[in-house]
Protein chains: 2
Amino acid sequence: MDIFNKLLERKGLKSTQQRYFIADTFFKTSTHISLEELLKKVRRKTPRIGYATVYRTMKLLTDEGLAIERQFGDGQTRFENVPEDGHHDHIICIKCSKIAEFHNEKIEELQEETAKKLGFKVLRHKLELYGYCSDCA
Amino acid sequence: MDIFNKLLERKGLKSTQQRYFIADTFFKTSTHISLEELLKKVRRKTPRIGYATVYRTMKLLTDEGLAIERQFGDGQTRFENVPEDGHHDHIICIKCSKIAEFHNEKIEELQEETAKKLGFKVLRHKLELYGYCSDCA
DNA sequence: CTTACTGCAAAATCTTTGCAACATC
DNA sequence: GATGTTGCAAAGATTTTGCAGTAAG
């Protein structure tokens, strides 16, 4: 939450209870949460909160890089919080759904390189490997 | 188109001019096209065609594995035709939504290698880079 | 006090679906 | 002819935005 308060200060925004509850709830969530779900969670503590406030707070977090929007094709935008200790990628077992995380600096470098050739400047990426884990192979 | 005709036959569906134009146009498209864009293209040949028909035809193609639905976060579902000659990855501009494709064998190798260390056997993967293109940097 | 924030409700987007007219088989 | 298909328009589902009231600095 420190980082969130700093963000508000840096941008000259006001620190409100709504924003606090939304951000706090979001950062404590480990899954990919939708606005509707987040709203529901936050309302347990602050029933009078509105959808638009959640929407706008998440937009703020997304714009500032503290959250990432993701689309899984179910018609709802979901938000994932950005790990403070560097990012990681996922490898998912298509049989038992086990998810392992990994980080490979070499791959990241090659991504940068490839992007540069295409004239792009990469800010973030998404890499997911799908296959069988050792138990299911 | 042969494969499309076979699909219709296999499922006992009727072969109509609309379906033909939509599928043909889609298969000849190399970019990730949205329904709106596809409709516009098809209308150049068949002005009286409706959005719903395009929608339903693309749903058919998607269900049958001839097209892949993709969400790049710009609020529009886009369709990509399944490459017969191997896959590619994407790099997306977060400002103008331009999408470029690339393929880097070295990255694929590193993915395999990394997966092996974790005891996984990779079948497929998804790699998307997000950033600014040369025009928006 | 001034300026920003919130909630509500309305607007804007996209995606799906019901149905009568119409085209295949 | 029977059955599937099309186009239109309406319904759904989400995401955005305008605005008057409210609260933070």
Side-chain angles (χ1 to χ4, degrees), chain A residues 4-26 32-64 67-79, chain B residues 4-26 32-64 67-79 94 97:
Chain A
F4 181 59
N5 287 323
K6 273 180 197 161
L7 157 64
L8 295 181
E9 198 175 330
R10 174 158 49 79
K11 304 213 62 167
L13 301 173
K14 290 176 180 173
S15 172
T16 68
Q17 216 175 43
Q18 287 93 328
R19 276 182 178 154
Y20 175 79
F21 280 129
I22 294 167
D24 185 54
T25 303
F26 171 67
H32 301 83
I33 199 167
S34 67
L35 286 179
E36 206 65 57
E37 291 161 353
L38 185 52
L39 175 66
K40 214 161 108 184
K41 273 199 170 189
V42 176
R43 275 194 172 151
R44 288 182 201 150
K45 293 189 175 177
T46 319
R48 309 186 36 66
I49 209 159
Y51 182 98
T53 303
V54 176
Y55 167 79
R56 286 187 276 230
T57 301
M58 289 314 297
K59 186 169 186 61
L60 175 64
L61 290 179
T62 301
D63 289 345
E64 293 304 309
I68 294 177
E69 278 188 359
R70 302 194 69 162
Q71 316 279 152
F72 289 108
D74 64 340
Q76 290 225 276
T77 297
R78 289 167 181 286
F79 297 85
Chain B
F4 181 59
N5 287 324
K6 274 181 195 160
L7 156 65
L8 295 181
E9 196 174 333
R10 172 158 50 79
K11 305 214 62 166
L13 300 173
K14 290 175 180 171
S15 172
T16 68
Q17 216 176 44
Q18 287 93 327
R19 277 183 177 151
Y20 174 79
F21 280 130
I22 294 167
D24 184 54
T25 303
F26 171 68
H32 302 81
I33 198 166
S34 67
L35 286 179
E36 206 65 56
E37 292 162 352
L38 185 51
L39 175 66
K40 213 160 109 185
K41 271 198 170 189
V42 177
R43 275 194 172 150
R44 288 182 200 148
K45 292 189 175 176
T46 320
R48 310 190 33 67
I49 209 158
Y51 181 99
T53 303
V54 176
Y55 167 79
R56 286 186 275 232
T57 301
M58 288 315 297
K59 187 171 187 61
L60 174 64
L61 289 179
T62 301
D63 290 346
E64 294 304 309
I68 295 178
E69 274 189 1
R70 294 187 144 266
Q71 315 276 153
F72 290 110
D74 66 338
Q76 290 226 274
T77 297
R78 289 170 178 286
F79 297 85
I94 57 179
S97 295

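By convention in this document, chain letters (A, B, ...) are assigned in the order of the sequence lines, proteins followed by strands, and residues within each chain are numbered from 1.
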Exercise. Would you mind reading off the distance between B/E9 atom CD and D/dG4 atom P, rounded to a whole angstrom?
Key: 17 Å
Quiz item: Want to settle it: does A/L35 or B/G12 sit nearer the 5' end of DNA chain D, counting the closest nucleotide to each?
Solution: B/G12
Practice problem: Check every nucleotide of DNA chain C for an atom under 4.0 Å from a heavy-atom of chain A, then give the first and the last such nucleotide from 5' to 3'. | Solution: C/dT3 to C/dC8
Quiz prompt | Gap separating the OG1 atom of A/T25 from the OH atom of A/Y20, nearest 0.5 angstrom | solution = 9.0 Å
Exercise. Tell me which of B/E69 and B/K14 sits closer to the 5' end of DNA chain C, going by the nucleotide each one is nearest to.
Key: B/E69
Quiz item: Would you say the side-chain atoms of A/T46 and A/Q18 include a donor-acceptor pair closer than 3.5 Å?
Solution: no
Self-check item: Interatomic distance where OH belongs to B/Y20 and P belongs to D/dT5 [whole Å]
Solution: 19 Å
Quiz item: Under the ring-ring contact (aromatic ring centres under 6.0 Å, His included) criterion, do B/H32 and B/F79 qualify, and how do the steps go?
Solution: CA-CA 5 Å; B/H32 302 81; B/F79 297 85; over 10 Å; no
Quiz item: Which parts of residues 40-62 of chain A get close to DNA chain D, meaning a heavy atom less than 4.0 angstrom away?
Solution: A/Y51, A/A52, A/Y55, A/R56
Quiz item: Where is the tightest heavy-atom contact between B/Y51 and B/E36, given as atom of each residue plus distance?
Solution: CE1-OE1, 3.6 Å
Quiz prompt | The single option from B/V54, B/L60, B/T16 passing side-chain contact (heavy atoms from CB on, under 4.5 Å) against B/I22 | solution = B/V54
Practice problem: May I have the distance from A/N5 (atom CG) to D/dA24 (atom P), rounded to whole angstrom? | Solution: 15 Å
Practice problem: Could you tell me the separation between the CZ atom of B/R19 and the CZ atom of B/R56, rounded to the nearest 0.5 Å? | Solution: 9.5 Å
Quiz item: Rounded to whole angstrom units, what separation is found between the CZ atom of B/F21 and the C1' atom of D/dT5?
Solution: 16 Å
Practice problem: Starting from the C-alpha separation in whole Å, work towards a yes-or-no answer on side chain to side chain contact (heavy atoms under 4.5 Å, CB included) for A/L35 and A/T77. | Solution: CA-CA 8 Å; A/L35 286 179; A/T77 297; over 6 Å; no
Self-check item: Salt bridge flag under 4.0 Å for residues A/E64 and A/R10
Solution: yes
Quiz item: Which sits closer to the 5' end of DNA chain C, B/D74 or B/L13, going by the nucleotide each is nearest to?
Solution: B/D74
